Amino acid sequence: MKTRSYPAAAPRFLMRRLPWALSICLGTLPGTSAWAQGAPAPGGEVRNALPPVEIKGNYNNAVGTSDAASQGSISARLLESRPAMRPGEVLEFVPGLIVTQHSGDGKANQYFLRGFNLDHGTDFATSVDGVPVNLPTHAHGHGYTDLNFLIPELIDRIDYRKGPYFASNGDFSSAGSASLTLRDRLAAPFAQLTLGGNGYRRLLGAGSTATAQGATLLGAVEAQGNDGPWEVPEALRRFNAVLRYSSGNKAESFKATAMFYRAHWTATDQIPERAVQSGQLGRFGSLDPTSGGRTGRDSLALDWRKTLPDGSIRAQAYGLHYSLDLFSNFTYFLANPAEGDQFLQRDRRQVYGGQIARTWFTELGSRPMTTEVGLQMRHDRIRVGLFDSVARQVTNTVRDDRVLQTSLGLYAENTIAWLPWLRSVAGLRLDRFQWDVRGPLADNTGRTSDSLVSPKLSLILGPWARTEFFLNAGRGFHSNDGRGTVIRVDPRTGEAASPVPGLVRSNGSEIGVRTEWIPGLQSSLALWQLGIGSELVFVGDAGTTEASRPSRRAGIEWNNRYVPVPWLLFDLDLAWSRARFTGDAPEGNQIPGAVRRVASAAVSVRDLGPWSGSLQLRHLGARPLTEDGSVSARATTLLNLRLGHTIRKGLDVSLDVFNLLGRKVSDVEYYYASQLRGEGAAVDDRHFHPAESRLVRLSVRAVW
């Protein structure tokens, strides 16, 4: 390895103009230290040739392997160290991301990140082994991301990215993305039983075995039930099954994964604050005991990849069938004082798609260069409807449409190591969407299409003293519900409605730094901004499309992982953001639901004799609920605990305590008009979904 002192030819303006505050906050100043020339690694990364700082089993070595300060990977070992109340909460390992719930646990979670109330997934793209989870033109919410089909114990790693700076990321990725990869094999088969308060029970069995041909078969089955603290029991019943076949080696491999998921539940929707304060309703009460839902998801995914003399090639294909019947009532007796406002949102779809990517490792002169070209395809065949209902019996059809939605994305990304301390990543993406909407109302049918070109550029400077600096800029987008692109008449009121564009552009930039200068510490700081041309969304609860104004968000994120000794890990993630509609309006410029502060802190102990454990603090800050900021959601802070003990080889027990301090806080809050039975008119009120009280779960795992 060649080393020398800090090169005199290095750009002096870097030290002068990059804010010294970044280095001070991170505990390092770029100075006169050794550096070494990198080389392209598989996947197109130029890695640092310095000996890596190993944080084994938690977060992967970061310096030299990332294209942005807000990018990273999370390993299975860290996922195992903390408790998760719901499967979707594995995404909370993404720094700055908060996962909540405002209905039954069979419904998709609600997500908050970078000043976004992402609802059920819009503007955050999620995939599992290359299969996209976000569902466009969905009955309940565009971009709906239901991760309840996940078995967390099978996750091998989570790769996350934030911002529209990556050419391989398309729809829904303006705020960020997370790619979850499942395990190919398990060290040993195991069975796990979990019992907890409020009728919680979960049984999981999983194992893998080698075939005579050298391949591996992995299988897992999970069954879960839960009633929760609710006065009307949630009666959640969930069943998952996974079967995975994998063969090959690092040179060439093939995988086939089949997944099966079914769930049904009674809803625990948000309730009006006035009903609780008056004593009409308990904190865990319900105003419509027949709300709830049932859902299913079956999928088959194929993955083939091969290493070539000059690079690699990867091809994926998938198909899935999805269904949802969701009965909700958010306004109670406002529209129908006699029978109530319950409605059914129904979604049936088949999704087919795939992608192929070719990577070349070459040189530009003597400079290492990596080029990747990829093609992504997806086709959704959707039947989506909105119906009025009473006690889960349909009484009226508001709309019932068939939608064919097809998207095609072509991208290219080029990485060049110009100098030992300078690397560029330039990308270009072209997306084409088509919608074909057919329904009973002729005015709301038709075919539309839209296209968008998205350039990206990143500059990575360093490493110096195990520290890198990042400059990122790029254009992204999210699609809109296909029904909104052809709408002419409001299906409920019959009034005229205006169609919306199919694709909405976003523009983002970021400056950041990542360091491992202090042994055992991984730290990153990012200052970012993101503007969106219009937050146009289809409102599934009403069956219409509403257009909001353009918006702009900006913020800062500070993420830290520290391992002072091999058995101890400290995590600290802090994020601040400011979100505003651009332009002036009488109602105000604040964006309802845009979270201002997010914090997560944890201490984890691993392999300390037979003991392990973690203590995690999770904070979701206050946020406006109205555009004038006159009403705000209150902050929520929760403390969760996990204790684990190995009784003997092959037998482990763990104790999870959620909301350790028993705080009476809310998972989510909204502000809108509703009407209770007996009220003569609508009342604007705060509506909330309470976080569960202190909850204890005990798990026993047997390995053989």
Side-chain angles (χ1 to χ4, degrees), residues 84-94 96-126 133-136 138-150 172 174-178 228 230 234 236 263 265 267-271 291-293 295 324 326 328-330 345 347 478 481 535 537-541 553 575 577 579 591-598 600 618-625 632-638 658-659 665-672 686-692:
M85 184 178 292
R86 308 172 182 95
E89 290 183 6
V90 297
L91 288 184
E92 287 200 345
F93 285 91
V94 176
L97 179 60
I98 294 292
V99 180
T100 65
Q101 180 59 273
H102 75 97
S103 187
D105 285 338
K107 186 178 176 181
N109 296 104
Q110 187 155 351
Y111 308 93
F112 296 86
L113 176 71
R114 286 199 163 185
F116 281 90
N117 175 355
L118 296 164
D119 192 42
H120 297 294
T122 301
D123 288 310
F124 189 82
T126 306
V133 181
N134 303 70
L135 297 177
H138 188 269
H140 181 68
H142 187 57
Y144 191 82
T145 303
D146 184 357
L147 287 171
N148 286 298
F149 66 90
L150 274 180
F172 302 118
S174 290
S177 67
W230 320 104
E234 184 179 1
L236 171 70
W265 68 97
T268 58
D269 290 330
Q270 64 264 19
I271 54 177
S291 292
T295 188
L324 173 71
L326 183 63
S328 305
N329 186 345
F330 302 129
Q345 294 165 313
D347 196 297
H478 69 241
D481 190 298
E535 298 197 8
V537 294
F538 182 86
V539 182
D541 298 347
R553 292 169 170 84
S577 61
I591 302 176
V595 62
R596 298 166 180 147
R597 298 184 307 275
V598 169
S600 176
R618 167 185 173 275
H619 174 79
L620 177 66
R623 52 207 178 275
L625 296 179
S632 294
R634 292 153 293 202
T636 296
T637 303
L638 295 173
F658 301 94
N659 193 3
V665 293
S666 300
D667 270 339
V668 293
E669 293 184 9
Y670 307 92
Y671 189 80
Y672 59 85
R686 188 192 308 266
H687 298 72
F688 71 98
H689 185 268
E692 296 195 28

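Everything numeric in this text was worked out from a predicted model, so none of it was measured. By convention here, the first residue in the shown sequence is residue 1.
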Determine the minimum heavy-atom distance between Gly115 and Ala594, stating which atoms define it. O-CB, 3.2 Å

Once salt bridge (charged side-chain N to carboxylate O under 4.0 Å, His left out) is applied, do any residues pair with Arg634, and if so which ones, sequence neighbours excluded? Glu273, Glu669

Got a sec, which residues hit salt bridge (charged side-chain N to carboxylate O under 4.0 Å, His left out) with Arg553, two or more places apart in sequence or on another chain? Glu535

Counting distance only, does the side-chain N/O of His102 pair as donor-acceptor with the main-chain N or O of Val668 below 3.5 Å? no

Take Arg686 and Leu625, measure what side-chain contact (heavy atoms from CB on, under 4.5 Å) needs, and give me the verdict at the end. CA-CA 9 Å; Arg686 188 192 308 266; Leu625 296 179; 3.9 Å; yes

Thr145 versus Tyr111: any side-chain heavy-atom pair under 4.5 Å? yes

Under the salt bridge (charged side-chain N to carboxylate O under 4.0 Å, His left out) test, which residues partner Glu89, sequence neighbours left out? Arg86

Backbone N or O of Thr100 within a donor-acceptor pair of the Asn109 side chain at under 3.5 Å? yes

For the OG atom of Ser328 and the NE2 atom of His140, what is their distance to the nearest 0.5 Å? 6.0 Å

Determine yes or no for a side-chain-to-main-chain donor-acceptor pair under 3.5 angstrom, with Glu234 supplying the side chain and Trp265 the backbone. no

Apply side-chain contact (heavy atoms from CB on, under 4.5 Å) to the pair Glu692 and Phe658, showing each step before the final yes or no. CA-CA 8 Å; Glu692 296 195 28; Phe658 301 94; over 6 Å; no

Set of residues satisfying side chain to side chain contact (heavy atoms under 4.5 Å, CB included) with respect to Ile271, sequence neighbours excluded: Val276, Leu281, Phe688

On a heavy-atom basis, which atom in Arg597 and which in Ala622 lie closest, and how many Å separate them? NH2-N, 4.0 Å

Find the distance between OG1 (Thr268) and CG (Asp105) and round it off to the nearest 0.5 Å. 6.5 Å

With heavy-atom distances below 4.5 Å as the criterion, would you say the side chains of Gln101 and Met85 are in contact? no

Output the distance between atom CG (Asn134) and atom CG (Leu118), rounded to the nearest 0.5 Å. 10.0 Å

Name all residues meeting the salt bridge (charged side-chain N to carboxylate O under 4.0 Å, His left out) criterion together with Arg623; count only those two or more places apart in sequence or in a different chain, and write none if there are none. none

Any side-chain heavy atom of Ile98 within less than 4.5 Å of one from Glu92? yes

Contact check, side chains of Pro136 and Phe172, non-hydrogen atoms, under 4.5 Å: yes

With a 4.5 Å cut-off on side-chain heavy atoms, are Pro624 and Arg596 touching? yes

Is the distance from the ring center of His689 to that of Tyr670 below 6.0 Å? no

Measure the CG-OG distance between Leu97 and Ser600 for me, rounded to the nearest 0.5 Å. 10.5 Å

Run the side chain to side chain contact (heavy atoms under 4.5 Å, CB included) test against Asn659 and tell me which residues pass, sequence neighbours left out. Leu638, Arg663

Set out, in order, the CA-CA distance, both residues' side-chain angles and the distance that settles side-chain hydrogen bond (donor to acceptor under 3.5 Å, both in side chains) for Asp481 and His142, then state yes or no. CA-CA 6 Å; Asp481 190 298; His142 187 57; 4.6 Å; no

Between Asp269 and Ser103, does a side-chain hydrogen bond (donor to acceptor under 3.5 Å, both in side chains) hold up when you go through it step by step? CA-CA 4 Å; Asp269 290 330; Ser103 187; 2.8 Å; yes

Kindly indicate whether the side chain of Leu147, heavy atoms from C-beta on, has any atom under 4.5 Å from the side chain of Val133. yes

Is a side-chain N or O of Gln345 found less than 3.5 angstrom from the main chain of Ala139, in a donor-acceptor match? yes

Within the structure provided, determine whether Thr122 and Phe116 are in side-chain contact (heavy-atom separation under 4.5 Å). no

Side chain to side chain, Thr126 and Leu91, heavy atoms closer than 4.5 Å: yes

Are His687 and Tyr672 an aromatic pair, judged by ring center distance below 6.0 Å? yes

Evaluate side-chain contact (heavy atoms from CB on, under 4.5 Å) for Phe112 paired with Val598, printing each intermediate quantity in order. CA-CA 9 Å; Phe112 296 86; Val598 169; 5.5 Å; no

For the atom pair CG (Asp146) and CG (Asn148), what is the distance rounded to the nearest 0.5 Å? 4.5 Å

Answer yes or no: is there a donor N or O on one side and an acceptor on the other, between the side chain of Asn117 and the main chain of Asp119, under 3.5 Å? yes

With rounding to the nearest 0.5 Å, note down the distance linking OG in Ser577 to CG in Leu113. 9.0 Å

Do any N or O atoms from the side chain of Tyr671 and from the backbone of Ser632 form a donor-acceptor pair under 3.5 angstrom? no

